[in-house]
Number of protein chains: 2
Amino acid sequence: MGWEDVREEVLRRIRARDWPPGEVIPGEEALAAEFGVARATVNRALRELAEAGLLERRRKAGTRVALLPVRKATLDISIIRQEVEARGESYAHRVLAQRMEGISLAAAVRMGVPAGASMLFLETLHLAGGRPFAHEVRWLNPDVLPGRVVPDFGAVSANEWLVQNVAYATGDIAFSAEAATAAEAAALGIAAGDPVFVTERVTWTAEAPITFVRLLHGPGYRLRTMV
Amino acid sequence: MGWEDVREEVLRRIRARDWPPGEVIPGEEALAAEFGVARATVNRALRELAEAGLLERRRKAGTRVALLPVRKATLDISIIRQEVEARGESYAHRVLAQRMEGISLAAAVRMGVPAGASMLFLETLHLAGGRPFAHEVRWLNPDVLPGRVVPDFGAVSANEWLVQNVAYATGDIAFSAEAATAAEAAALGIAAGDPVFVTERVTWTAEAPITFVRLLHGPGYRLRTMV
DNA sequence: TCACCCATTATGTATAGACATAATACGCCC
DNA sequence: GGGCGTATTATGTCTATACATAATGGGTGA
């Protein structure tokens, strides 16, 4: 009996309401004895269920079934090229604009830099099977470019280049629904005012902000996840 | 030195490119010796980084820094009441419709039941601070109701009632952007055609589908996550 | 009655040792 | 040279034991 078996059995008991929400379940020692495994094995199983939000554990107080489980859904944030290729379509991208520019107020706020700071501005259209898939607007801190030399983003997309060449970073992501502006609609080949699925990402290192991206997907796009 | 310290040090080396993408890093045994900890401690640290997508581990082949790290972002899927109250606003909900009805084709496909099957149909408006926050349309399998008795969803929302009273379930979630229909717009107090942020969830147990929910958030809604 | 202190207790983590498992890479054979 | 089988090896997991840590709840004293 391995830790995964223990996890499944505990999960079964939770689902079967042998242990109803809010109830304290037997301690690790007791479960280890019942299942005939070491306490570390039970610990591993219960820890995973707690991380999934199904159990709440506190020292001394014990382990209880979550009353209002906050389900944790995980999203795989992949490179757009991978996402397109995973659908079995061919990927391509076109750089629509690339220039140094004073950063917009909205982007400056998100990146935590002064408005108007000089950043590399990039506008890219991502294509799947030759058709517009996503429209990307990006501000990139030129300080993160080795020697401040701008790479050829026509060959490798900025997203991919950054992943490969700049330090692994932290960041956050937000999703929303917006109406496409005339310019955005034109780029995506849709009508102005059509709803677009917007992904905004900020990434930074310990020292400095790296980039702010605003990614627009046209109608029909669905972001999927598994609970 | 604990496993979190080991994880941070390894993460530092990855970010500092001491170990560049694609490179095989020293084995657990070697790192354990270097850090002066047990192999299990190093294992725990590396496992977490692998789960986060930063490392790729294979038996015999060893551990290498991910070439194209697929970042895993986690979303907390909470009950709407919790979400509203977390914003410091007062929560309320109104049941707009509740009746047995043949399920729509779209919902039947997602739930994996025959189209037209008799389900409990629920339409609910969730309010934050007295203003419309989200519009919910739900089909609920009446078989999961104990004794097939319909609870009072005016008192406790269906979402919350299910979490408390029906077995913990699995499911999946999808997000998209759509244009509000006239009816949806009226319920949310927005204009028809305005973009809405759509969340669709299906949940089921091992035996049967439980519910399909379609949740609409009006303009201004942002779904946030941390990478 | 209430505030505070502290013993108790369940979880959290670390360790050394062992065996399991997957998969590479090498050597053998053709 | 090419295909195949197998020894080797790094990770995956389990165990028993020990100590650390947080937090509860009861007891103490004002």
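Order of the sequence lines fixes the chain letters, A, B, ..., with proteins taken first and strands second; residue numbering starts at 1 for each chain.
- Using a 4.0 Å cutoff on non-hydrogen atoms, no part of residues 1-8 of chain A comes near DNA chain C.
- For DNA chain C, the neighbouring residues in residues 26-52 of chain A, judged by any heavy atom under 4.0 Å, are A:G27, A:E28, A:R39, A:N43.
- The CG-C1' distance, from B:L55 to D:dT11, rounds to 13 Å in whole Å.
- Remark: A:E8 does not engage A:R12 in a salt bridge, criterion side-chain N to carboxylate O under 4.0 Å.
- Contact check on A:E28 versus A:R47 returns no salt bridge, with no Lys/Arg side-chain nitrogen under 4.0 Å from an Asp/Glu carboxylate oxygen.
- For A:L223, the side chain to side chain contact (heavy atoms under 4.5 Å, CB included) test picks out A:L75, A:F175, A:F197, A:Y221, B:F175, with sequence neighbours left out.
- Residue B:R94 places its CZ atom among 12 or fewer non-hydrogen atoms of other residues, nucleotides or ligands, all under 6.0 Å distant.
- We find the CD1-CG distance between B:I210 and B:L162 to be 7.0 Å, quoted to the nearest 0.5 Å.
- In this structure a side-chain-to-backbone donor-acceptor pair under 3.5 Å is present from B:T211 to B:W139.
- Using a distance-only test at 3.5 Å, with no hydrogens or angles considered, a donor-acceptor pair links the side chain of A:N141 to the main chain of A:D143.
- No side-chain heavy atom of B:K72 sits under 4.5 Å from any side-chain heavy atom of B:E51.
- A rotation axis mapping the C1' atoms of four pairs onto the next four is fitted at both ends of the helix from C:dT1-D:dA30 to C:dC30-D:dG1 over five pairs, and the angle between these axes is 10° to 10 degrees.
- The side chain to side chain contact (heavy atoms under 4.5 Å, CB included) test applied to B:A128 returns B:V84, B:E89, B:F133, not counting sequence neighbours.
- Rounded to whole angstrom, the span from the CZ atom of A:R59 across to the P atom of D:dG25 amounts to 17 Å.
- Close approach of DNA chain C to chain B, defined as any atom under 4.0 Å from a non-hydrogen atom of the protein, starts and stops at C:dT13 to C:dT24.
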